[in-house]
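Here is the structure we will look at.
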2 protein chains.
Amino acid sequence: MGTKERRAREKEQLRRQILVAARELFVSEGYENVSMRKIANKIEYSPTTIYLYFKDKADLLDSVCKETLLNLLNTLEKLKNDKSDPVETLRRSGQAYVEFGLKYPQDYKLTFVIRPQFQKDLGLQEGSVGEKVFNYLREMVSECIQQKRFRHADVETTGQVLWSAVHGVTLLLIDFPDFPWTEKDKLIDTVIHTTIEGLKA
Amino acid sequence: MGTKERRAREKEQLRRQILVAARELFVSEGYENVSMRKIANKIEYSPTTIYLYFKDKADLLDSVCKETLLNLLNTLEKLKNDKSDPVETLRRSGQAYVEFGLKYPQDYKLTFVIRPQFQKDLGLQEGSVGEKVFNYLREMVSECIQQKRFRHADVETTGQVLWSAVHGVTLLLIDFPDFPWTEKDKLIDTVIHTTIEGLKA
DNA sequence: ATATAATATTAACACTGTAAAGTTAAATCA
DNA sequence: TGATTTAACTTTACAGTGTTAATATTATAT
């Protein structure tokens with residue numbers, strides 16, 4: 001009598017189908033330019049079916065963003081095993097963060113800029129994937145501080161400073177592609193290096 | 001025969017009225033949630049009248065943002081006279097920048113995040129107000145470099161690093177108001193101080 | 001007073017997100 | 001098996017969107 005399980009599996013499958021279609025459209029056309037009807041067309045269901053799986057369009061966005069955060073977390077966690085120099089690991093984490101943002105610019109913007117606009121106070125509350133990402137940063141920073149590599153001993157502030165730097169450069173590069181930036185990799189490098197040096201000094 | 005002038009003045013007046021109404025609504029309700037009809041209602045004209053003064057909704061946003069950039073530029077220029085320590089002036093400029101962003105968070109987001117989404121390549125091209133703002137930053141940085149206060153001699157990269165830092169912290173504070181940030185002023189201070197120290201070291 | 005130009009409005013189109021009601025197919029129970 | 005409940009999906013509908021074209025109104029110039 002596994003019909004219930006099969007049904008549940010099928011339901012989950014359609015949910016994923018919707019999610020995949022939504023992400024593809026959000027990324028290629030921008031959240032605002034994607035209608036529920038477009039998503040529905042893509043998966044060949046009626047528009048209102050989506051509402052059986054997601055509360056509304058913002059909820060759909062929310063789910064897409066949670067996935068993105070999970071991907072980011074996975075990308076970062078891979079660097080954790082690097083047991084060499086904690087400052088070097090931190091530097092590489094910063095680089096991986098920006099790289100991730102530039103590899104999936106629209107996903108990054110959806111998650112860190114568009115979503116907060118639609119889900120006012122939801123963002124990084126306890127237990128969320130977003131919090132886990134920041135916890136990763138906390139760990140990295142903590143290691144550096146324990147080894148007395150940084151001037152200040154405040155894990156929170158230090159982490160927030162680093163996040164500001166990488167978030168800032170990521171968004172600028174995404175949003176103003178025509179600005180006469182310094183060669184991209186050099187700029188990213190300099191941003192991270194400068195911040196870390198500033199923390200040491 | 002100053003009727004022509006009067007007419008032009010009246011036209012300019014209505015243009016401003018539209019602009020003011022649009023900004024108020026964009027700021028209080030968010031660009032996406034403001035319809036041309038809402039703006040029209042507010043100024044007590046028919047919706048289509050707006051199209052005699054602005055090409056479309058994106059153009060209206062564009063004009064609002066240009067104003068914001070002008071305000072930002074004015075705010076910054078006031079600090080220019082400060083002929084004391086160029087590094088100190090730079091620090092204060094950074095603070096003023098973030099303060100401006102937090103004082104008018106919605107305007108800041110409209111200008112630096114929403115607008116680029118709607119006006120793809122328009123942003124900081126030659127002669128634009130946006131470029132003037134970055135030129136201000138160039139001047140400040142240049143002064144520091146001339147006085148050999150910074151490690152590198154690259155005005156462009158140095159400016160971009162600073163911009164990344166302040167842009168990043170501004171947006172994070174705006175977008176994630178519920179995150180357990182370090183006390184706001186302390187965080188801003190640390191971000192700017194850290195970056196500048198990193199540039200010196 | 002009439003013609004001309006400038007300005008504003010009305011009506012319409014093809015869309016939007018989403019709620020309510022209706023339909024169909026599958027699972028359960030008699 | 002046949003009736004009934006349940007789950008999944010669709011149709012219809014509403015109020016609202018940006019924007020265009022055609023029309024109307026008003027103020028100026030002749």
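Residue numbers start from 1 in every chain, and the chains themselves are labelled A, B, ... in the order their sequence lines are given, proteins ahead of strands.
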Rounded to whole Å, please give me the gap between [atom1] in [X] and [atom2] in [N].
| X | N | atom1 | atom2 | answer |
| --- | --- | --- | --- | --- |
| Phe118(A) | dG17(C) | CZ | C1' | 12 Å |
| Glu10(A) | dA27(C) | CD | C1' | 13 Å |
| Leu14(B) | dA8(C) | CG | C1' | 10 Å |
| Glu12(B) | dA6(C) | CD | P | 17 Å |
| Gln13(A) | dA8(D) | CD | P | 14 Å |
| Leu61(A) | dG17(C) | CG | P | 13 Å |
| Leu60(B) | dG18(D) | CG | C1' | 12 Å |
| Ile18(A) | dA8(D) | CD1 | C1' | 12 Å |

* Asked: Can you tell me if Lys38(B) uses its side chain to pair, donor with acceptor, with the backbone of Asn33(B) under 3.5 Å?
  ->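 Yes; at least one donor-acceptor contact below 3.5 Å.
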(Q) Between Trp181(A) and Phe176(A) (side chain of the first, backbone of the second, donor and acceptor by atom type, cut-off under 3.5 Å), is there such a pair? (A) yes
Practice problem: Using only heavy-atom distances, determine whether the side chains of Gln117(B) and Asp175(A) contain a donor-acceptor pair under 3.5 Å. | Solution: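 No, no side-chain donor-acceptor pair sits under 3.5 Å.
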| field | Residue pair Arg151(A) / Thr194(B), side-chain donor-acceptor N/O under 3.5 Å | value | no
Using a cut-off of less than 4.0 Å, is there contact between a side-chain N or O of Lys11(B) and OP1 or OP2 of dT7(C)?
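So the side-chain polar atoms of Lys11(B) do come within 4.0 Å of the phosphate oxygens OP1 or OP2 of dT7(C), strictly under.
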*asked:* Please determine whether a side-chain nitrogen or oxygen atom of Thr49(A) lies at a distance below 4.0 Å from atom OP1 or OP2 of dC9(D).
replied: no
- Task: For residues His167(B) and His167(A), determine if any side-chain heavy atom of one lies less than 4.5 Å from a side-chain heavy atom of the other.
- Result: no
Check: Is there a donor N/O on one and an acceptor N/O on the other, under 3.5 Å, for the side chain of Thr48(B) and the base of dT20(D)?
Finding: no
I need the Ile50(A) CD1 to Leu14(A) CG distance, nearest 0.5 Å.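 Between atom CD1 of Ile50(A) and atom CG of Leu14(A) there are 9.0 Å.
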Below 3.5 Å between N/O atoms, which protein atoms pair up with nucleotides 22-25 of chain C? Just atom names and distances, please.
none

Would you mind classifying the nucleic acid contact of Tyr53(B) as base, sugar-phosphate or nothing, using non-hydrogen atoms under 4.0 angstrom?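 Here Tyr53(B) touches the backbone only, sparing every base.
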Within residues 25-45 of chain B, those residues having any heavy atom closer than 4.0 Å to DNA chain C are Arg37(B), Tyr45(B)
*Side chain of Asp56(B): nearest nucleotide among dT11(D), dA8(D), dT19(D)?*
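In terms of side-chain proximity for Asp56(B), the closest of dT11(D), dA8(D), dT19(D) is dT19(D).
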- Task: Could you tell me how the ring of Tyr97(B) sits relative to the ring of Phe112(B): parallel (under 30°), tilted (30 to 60°) or perpendicular (over 60°)?
- Result: tilted
Sorted by chain and residue number, the ring-ring contact (aromatic ring centres under 6.0 Å, His included) partners of Tyr104(A) (sequence neighbours excluded) come out as Phe100(A)
Find out whether the Lys NZ or Arg CZ of Lys57(A) is both under 6.0 angstrom from the six-membered ring centre of Phe118(A) and within 45° of the ring's axis.
->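 Cation-pi check for Lys57(A) and Phe118(A): fails.
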